[in-house]
Protein chains: 2
Amino acid sequence: MSEPRTSTRDRILEVCLDVFNERGPAEVTTAEIAAEVGISEGNLHYHFRRKEQIVAALFDQFEAAIERAGSGTAFRHLHAQPHLAYLAGWFNSMWAWRCFYAASIYRLVPALQPRLTAITDRGQAHIRRMLRELVRDGVLIVPPAEIDRLVVNAWIVASCWFDYVRYSQGVHKVTREHLNWGFAQVEALVAPYAAPPGRPARRD
Amino acid sequence: MSEPRTSTRDRILEVCLDVFNERGPAEVTTAEIAAEVGISEGNLHYHFRRKEQIVAALFDQFEAAIERAGSGTAFRHLHAQPHLAYLAGWFNSMWAWRCFYAASIYRLVPALQPRLTAITDRGQAHIRRMLRELVRDGVLIVPPAEIDRLVVNAWIVASCWFDYVRYSQGVHKVTREHLNWGFAQVEALVAPYAAPPGRPARRD
DNA sequence: GTCTATAATGAGATAGAC
DNA sequence: GTCTATCTCATTATAGAC
């Protein structure tokens with residue numbers, strides 16, 4: 001009846017999310033995890049038999065969070081730029097779950113890859129719908145043939161900019177401030193499609 | 001005086017490039033490498049003390065190749081769309097060195113990361129110059145403020161689409177055919193900036 | 001240069017006491 | 001549920017003969 005404030009299992013997950021976000025699961029040993037949680041390796045093994053199971057348990061939560069970010073309140077109250085609201089909701093949740101935006105995690109736990117594909121498919125379908133509505137409403141002008149490529153490019157930039165910043169730019173410790181940068185990069189993909197009213201006159 | 005056709009060292013590098021491209025260096029053990037080359041593990045260790053040294057030796061070649069792809073013949077004979085020629089040259093070399101377009105390799109051999117940053121800086125500077133020329137020549141219309149973000153987005157898509165295809169799309173074996181797909185994705189980034197003559201009339 | 005054989009690591013998994 | 005102590009196993013690293 002009387003559970004401890006937070007169960008050991010939950011404390012493990014909390015600690016792991018933090019440390020996975022900071023360094024990535026492959027760079028952390030089970031010994032370090034146990035020490036960080038303040039329990040023995042044997043006890044850690046009692047709760048999760050393998051490190052992959054910890055990653056998988058966290059992915060469950062990530063999956064739920066991203067679904068919320070994608071179809072939740074952000075998209076409910078439509079205003080002038082619903083796609084920006086959606087994007088903002090997504091980027092907001094991105095920080096808390098940034099370890100899942102590193103390709104290496106799917107190499108470590110390949111079982112998660114199909115679920116990432118499912119997230120990708122649903123997310124892209126959602127973005128595609130939004131873009132079509134914006135085109136219909138005259139906010140954007142996108143030739144139909146270009147919509148799919150635009151959606152995919154937006155997804156690539158939004159989901160890969162973490163790795164880009166880390167490896168191509170050499171940023172060792174990604175901070176929250178980088179989020180705004182990534183957000184602006186995705187915004188820039190859509191900018192050239194803005195209909196003239198929302199876009200200052202061209203200077204040639 | 002009489003060297004063997006290809007030295008053992010070179011054979012090791014050849015085999016490793018193949019197998020790293022197929023599976024990534026982290027997924028291949030030194031034992032497998034030795035077996036594949038047809039030598040003993042002890043001999044492999046004589047030539048390269050650690051797997052990272054093999055990766056680094058291959059990176060030397062990659063670095064040279066990408067420099068050639070960027071500033072070599074492709075860019076020499078300028079035609080209507082020099083940026084496409086550059087892009088084609090880059091994508092062409094990309095297949096042979098695709099293991100270096102996986103984020104995980106820089107996690108395995110962090111020493112390479114600064115060199116990747118240098119490649120990125122030079123490459124982006126080159127692309128920026130090309131875009132400015134195209135704008136000056138009236139081929140593209142890009143507001144000056146958008147050029148930098150466009151360059152970075154092009155780089156992200158061009159260098160990350162491999163990981164995207166693998167993990168987000170669930171493609172287990174990336175083939176040469178995927179190259180054309182990636183190429184088209186990068187092209188699509190620039191398409192909306194094409195000046196009206198090069199672009200069919202808008203349909204709203 | 002190349003081999004065989006063996007040592008040193010280090011991470012994860014497990015048994016059994018408390 | 002939790003601990004201590006041990007085990008397994010895959011690599012990587014090395015010594016020394018040929």
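No hydrogens, no waters, no symmetry mates; every other heavy atom, side chains included, goes into these values. Predicted model only: the values in this text are computed from it and were never measured. Letters A, B, ... mirror the listed sequences (proteins, then strands); counts begin at 1.
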### Message
Students should find this one: the first and last nucleotides of DNA chain C, 5' to 3', lying under 4.0 Å from a heavy atom of chain B. What are they?
### Response
C:dT2 to C:dT4
### Task
Answer with yes or no whether the side chains of B:Gln185 and B:Tyr164 bring together a donor and an acceptor at under 3.5 Å.
no
### Task
Kindly say whether A:Ala188 contributes a backbone atom to a donor-acceptor pair with the side chain of B:Asn153 at under 3.5 angstrom?
no
### Message
Base, sugar-phosphate or nothing for A:Ser40? Non-hydrogen atoms, less than 4.0 Å.
### Response
base
### Message
Can you classify the ring geometry of A:Trp161 versus A:Phe91 as parallel (below 30°), tilted (30 to 60°) or perpendicular (above 60°)?
### Response
parallel
### Task
Determine, stepwise, if the pair A:Gln113 / A:Arg107 fulfils side chain to side chain contact (heavy atoms under 4.5 Å, CB included).
CA-CA 8 Å; A:Gln113 187 275 305; A:Arg107 200 162 268 254; over 6 Å; no
### Query
Should the pair A:Phe62 and A:Tyr101 be assigned to parallel (<30°), tilted (30 to 60°) or perpendicular (>60°) ring geometry?
perpendicular
### Query
Do any of residues 43-57 of chain A sit with a heavy atom less than 4.0 Å from DNA chain C, and if so which?
A:His45, A:Arg49, A:Arg50, A:Lys51
### Side chain to side chain, B:Ile119 and B:Phe59, heavy atoms closer than 4.5 Å
yes
### Task
Map A:Gly42 and A:Thr29 onto DNA chain C by nearest heavy atom, then report which one ends up closer to the 5' terminus.
A:Thr29
### Query
For B:Ser7 and B:Asp10, does a side-chain donor sit closer than 3.5 Å to a side-chain acceptor?
yes
### Neighbour count >12 (heavy atoms, 6.0 Å) for atom CZ, B:Arg49
no
